[in-house]
Amino acid sequence: MVGRTGMLAVFRSLIKAFPDFRFEARHIVSAGDTVVAELTMSGTHRGTPDLPVLGGLLTGVAPTGRHVSVENIHVYRFENGLIADHRAVRDDLGLMQQLGLIPRSADDLSRPVR
């Protein structure tokens, strides 16, 4: 899905997984037709998304009830006042570790993952 309809579906899925989902802007820089935003995504994992948001990492994963705070960098290119291109880098490893779905360190490897 693309366009406004696609973005609406993505955000609905994120809110389904994290009802208190939010982005906090850390830095926003623009140059020409490009805007770069450093954001912190946070929320409490209380649902299962309908779409494979966040790289599909939470597809079929039962809610953990854990709160997460994850850094993101988004790069937007604009044409005629609309977003024409979007790329993002997220800390997916940190997200999965905060949710308790993968170990945080080698020491955690001996403990069961819940």
Side-chain angles (χ1 to χ4, degrees):
M1 271 186 249
V2 296
R4 289 180 178 158
T5 303
M7 286 305 300
L8 183 59
V10 166
F11 279 106
R12 281 186 176 146
S13 225
L14 285 169
I15 291 168
K16 185 174 180 185
F18 300 92
D20 56 346
F21 173 83
R22 65 178 291 203
F23 274 126
E24 179 184 340
R26 298 287 204 192
H27 298 94
I28 299 176
V29 179
S30 66
D33 63 355
T34 302
V35 174
V36 178
E38 179 186 353
L39 309 168
T40 300
M41 182 199 91
S42 63
T44 307
H45 185 215
R46 298 202 183 281
T48 303
D50 295 324
L51 298 176
V53 293
L54 303 172
L57 295 171
L58 299 179
T59 301
V61 174
T64 63
R66 292 186 179 194
H67 184 81
V68 297
S69 181
V70 181
E71 299 301 315
N72 291 235
I73 297 173
H74 293 260
V75 180
Y76 304 93
R77 187 178 56 78
F78 287 82
E79 285 180 10
N80 301 317
L82 299 174
I83 298 171
D85 185 46
H86 168 254
R87 290 170 278 138
V89 178
R90 300 179 312 264
D91 181 9
D92 289 344
L93 175 61
L95 171 75
M96 298 301 281
Q97 289 173 329
Q98 289 177 50
L99 291 175
L101 300 173
I102 62 172
R104 287 185 179 258
S105 68
D107 292 338
D108 292 340
L109 291 174
S110 61
R111 297 184 204 130
V113 177
R114 297 177 213 180

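If you're wondering where the values come from, they're calculated on a predicted model, not measured in any experiment. The figures here come from the full heavy-atom set of this structure, side chains too, leaving out hydrogens, waters and symmetry mates.
- Closest approach of R66 and L99 over heavy atoms only: CD-O, 3.4 Å.
- Atom-to-atom distance recorded for S42:OG and L95:CG is 11.5 Å, nearest 0.5 angstrom.
- Evaluation of the salt bridge (charged side-chain N to carboxylate O under 4.0 Å, His left out) rule for R77 yields E79 as partners, not counting sequence neighbours.
- Taking all atoms of both residues into account, the shortest heavy-atom contact from A17 to P49 is CB-CD, 3.8 Å.
- Cluster membership check: F11 shares its hydrophobic cluster with L51, using side-chain heavy-atom separations under 4.5 Å among Ile, Leu, Val, Met, Phe, Trp and Tyr.
- Panel note: side chain S13, backbone V53; no donor-acceptor pair is recorded below 3.5 Å.
- The two residues P19 and R46 have their closest heavy-atom pair at CD-CB, 3.7 Å.
- Of all the heavy atoms in V68 and Q98, the pair that sits closest is CA-OE1, 3.1 Å.
- By the rule that hydrophobic residues join a cluster once side-chain heavy atoms approach within less than 4.5 Å of another member, L39 and I73 end up as members of separate clusters.
- Residue pairs meeting the salt bridge (Lys or Arg N to Asp or Glu O under 4.0 Å) criterion with at least one partner in residues 3-18, sequence neighbours excluded, are K16-D50.
- For residues 25-39, the salt bridge (Lys or Arg N to Asp or Glu O under 4.0 Å) pairs, not counting sequence neighbours, are E24-R26.
- Formation of a donor-acceptor pair under 3.5 Å by the T48 side chain with backbone atoms of V61 is found in this model.
- Atom CG of L54 and atom CE of M96 lie 9.5 Å apart (nearest 0.5 Å).
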Stepwise, does the side-chain contact (heavy atoms from CB on, under 4.5 Å) test hold for F78 with I83? CA-CA 4 Å; F78 287 82; I83 298 171; 3.6 Å; yes
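- Judged as a ring pair (Phe, Tyr, Trp, His ring centres under 6.0 Å), and not counting sequence neighbours, the contacts of F23 are F21, H74.
- Y76 and I28 fall within a single hydrophobic cluster, where Ile, Leu, Val, Met, Phe, Trp and Tyr are joined by side-chain heavy atoms under 4.5 Å apart, directly or via other members.
- Residue pairs meeting the salt bridge (Lys or Arg N to Asp or Glu O under 4.0 Å) criterion with at least one partner in residues 89-103, sequence neighbours excluded, are R90-D92.
- E71 places no side-chain N or O within 3.5 Å of a backbone atom of T40 that could act as its donor or acceptor partner.
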Check step by step if side-chain contact (heavy atoms from CB on, under 4.5 Å) holds for L93 and I102. CA-CA 8 Å; L93 175 61; I102 62 172; 3.1 Å; yes
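- Listed by first and then second residue, the ring-ring contact (aromatic ring centres under 6.0 Å, His included) pairs that reach into residues 31-71 are F18-H45, sequence neighbours excluded.
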